[in-house]
Amino acid sequence: MNSPTVLRVALATPLKRLFDYLPPQAVAEHTLTPGCRVRVPFGRGKRIGLIADVSDHTDVPAERLRRATAVLDTEPLLDPYLLALLRWAADYYQYPLGEVVATALPAALRRGQDLATPSLRWCCTPEGRQADPEKLGRRAPVQARILDAARRMPDGIGPEDLDPPAPNWRNAVKSLQEKGLLSAREGSILTQDADARAAKAGPQLNPAQCEAAQAIEADAGYRCYLLEGVTGSGKTEVYLHAIAAQLAAGRQSLVLVPEIGLTPQLVQRFRERLGVPVAVLHSGLADGERLRSWTAAARGEAGVVIGTRSAVFTPLCKPGLFIVDEEHDTSLKQQDGFRYSARDLLVWRARQLNVSVILGSATPALESLENAHSGRYMHLHLPERPGAAEPPTVKLVDLRRYPAPDGLSQPLLAAVRRHLDADGQVLIYLNRRGYAPVLLCGGCGYVAECRRCDARMVLHRHRSKLVCHHCGAERPAPSHCPECAHAMHPVGQGTERLQHALQEQFPDEALLRIDRDTTRRRGELAAQLERFRRGEARLLLGTQMLTKGHDFPALTLVGVIDADQGLFGTDFRASERLAQSFVQVAGRAGRADRAGEVLIQTASPEHPLLTTLVRDGYTAFAERALAERREAGWPPFGFLALLRAEAARREAAFEFLDAALTAAGPYLVSGVTLLGPAPAPMERRQGRFRAQLLVQARQRPALQAFLQPWRLALEDLPTGRRARWSLDVDPVELY
Ligand code: ADP
Ligand code: ZN
């Protein structure tokens, strides 16, 4: 007799192991394949999981081995490569495979829904080309929009190209077909004649772009390129060239961008220039849209996939090229749950599939620079902006000489005036929302603090509230001190207060403020940015949200209000982050044919970080920072993992970490050290006490060799039940 087949199933549970089941009764043998979904009994309920493995052996005693109730797929949803990627990620980031699978699959598939039906694509017929769009648009605006999109796409459009999709688009497509303006066709675009595509031509590449584009060979196999180019230097044009070369060879490209960089303009640019369907994947999609994009990628109906972090797991039927834009951006690392780095996983995936990957940035991560120095990555440079005369001039304003009681120093005000008079636009950067970060009693020095966090409450005057930016707690703002009844004073600036100050100085100028408070509604951020781009306002004030990827041709002055808030950070990465955001925000100035100017207000103008950055630029700063990291053994010259714990009682968090420290004993290998446990830099947050234990290793393999058995041992610690804990491999923040 044959031994029974056992399905090893990945289920989304906190346990880092697989679950064994017998196959359902009367099931076709070929569907019992890794990558297919199964429905299984679990506890008293039912769950959907993924077959990770099929074995003829199990340690579960026969009487406890249960039977799966159904196999949901006739073919694997995930191919062996993708499955191997997920497995590797689960091992590397010490996270349960079932949870990793759950991150990779669209919600609709996790719930057991079928793949989207092969989507038809609709091509414009010759009659459709002749039709008068205005006439159509008056009576049927959705039809007009769809027809217009189809006209620009010789390969036809699919549902994933309707961005955003109108609720009644199916009817509109049907009407267009009935009128003979659209025709439907089925199948992968990648198997069709590439010459049929008529994409809109882009600008002629300049010599540096040409050199980069030529270096990126279409058939080189695995290579990693670090494309370092100042903001606006035309990196996207280089991506477009490389992607076009892949399309010509019938292959797909996958592009990862930071959440905030994925704008409709960017997607539009890709669609027009490449002339193929582009599938978009981001967290704001409805489940159905996400499933359609995912399916279009898997079936080869989309030539390009653009997405945020989790798009790294998108199945592709003919992968040719991977790209990570703004590769330094921290949003590429998930900060809770399955804490993976999408950039690092994409590089791994490229190597696995033997395709190339481009990492692009104006301010590369120090890790990536070090990989370029060591020769692992090929370093490509775009040193200047096409057309633009000069890079912006950057100057420091010494706040000790020029006080700025309401946030605006005389030199900055004068510069704003000068640029407005010369018909330029001005961006003021302050990475702190609200009215004032501190509400202080003038009598006794009492400061309003959060009751649940070790943090000060931020005054939001417009709403007359104190708000904690860490836990979201709110309470009415007191006008008088609860201790001594003196009047309370706001101290320091947030964007709300600065808006008043600017408006007072420039009463006749329209001003836009962009921060989380002013852009809560969906689409509001894009709308505001578009208004500024169109010149409806010449003054723009905002936070971190402004530092990424936006192109403002008429912007000539950038003012940084407060350089000091990040200069003395506790995290070893604080200075890298600060330098990146300065350079990114400064890069907004003078993009077209006007020279830009950047003024940075600071009370520490002799700080080496600032002086290096201003005098010698990001590259010099990075060299210096890398030398410091090498000295200290910090990444990329060492490797870290952070075990975090939090609990309602301080002792519970520490008891767990102490036990974790003891449990580490048998597994400690040479070159691995544990530091702590120690309280987190902000110990109390949302009423819970937080502490951490840092694992530091000289080599990655040693770190991994230690983490594997240790992570399993942690699951068994009784103290782990009284604290919430997580393990973060390659953390980007140390708190
Ligand atoms: P990046 O991705 O580096 O920020 P983009 O590719 O978006 O830069 O280019 C910035 C701007 O310069 C865009 O408006 C783009 O159309 C334009 N541009 C890029 N390359 C060229 C070129 N070779 N000639 C003319 N304009 C160009
Ligand atoms: Zn709080």
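Note: hydrogens, waters and symmetry copies are ignored here, and every other heavy atom, side chains too, is used. Indexing begins at 1, ligand by ligand and atom by atom, following the structure's order. Quick caveat, the model's predicted, so the values are computed rather than measured.
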Within 4.0 Å of some non-hydrogen atom of G234, the atoms of ligand 1 are 1 (P), 3 (O), 5 (P), 6 (O), 8 (O), 9 (O), 19 (C)

Check ion pair E524-R516 (N to O, under 4.0 angstrom): no

My understanding is that only residues two or more places apart in sequence, or in another chain, count here; which of them pass salt bridge (Lys or Arg N to Asp or Glu O under 4.0 Å) with E536? R531, R534

CD of Q425 to CZ of R538, rounded to nearest 0.5 Å, is 8.5 Å

Assess the side chains of Y429 and Q544: does a donor N or O sit below 3.5 Å from an acceptor N or O? yes

Quick one: does S233 get within less than 4.0 Å of ligand 1, heavy atoms only? yes

Y377: partners by side chain to side chain donor-acceptor pair (under 3.5 Å), with sequence neighbours left out: N371

Which of the atoms in ligand 1, numbered in the order shown and given with their element, are less than 4.0 Å from a heavy-atom of Q204? 22 (C), 23 (N), 24 (N)

Closer than 4.0 Å to some heavy atom of N206 - which atoms of ligand 1 meet that? 23 (N)

Does ligand 1 have any atom sitting under 4.0 Å from a heavy atom of R269? yes

Can H462 and H460 be said to form a ring-ring contact (aromatic ring centres under 6.0 Å, His included), step by step? CA-CA 6 Å; H462 172 69; H460 285 242; 9.7 Å; no

Enumerate the salt bridge (Lys or Arg N to Asp or Glu O under 4.0 Å) contacts for residues 464-476, please, sequence neighbours excluded, ordered by first and then second residue. R463-E474, K465-E474

Taking D219 first and then R251, would you say they form a salt bridge - that is, a charged N and a carboxylate O separated by under 4.0 Å? yes

Which protein atoms of type N, O or S are found under 2.8 Å from the Zn ion (ligand 2)? C450 SG, C453 SG, C468 SG, C471 SG

What's the separation between atom CZ in R433 and atom CD1 in I514, rounded to the nearest 0.5 Å? 15.0 Å

Region of L205 engaging ligand 1 - heavy atom pairs below 4.0 Å: backbone

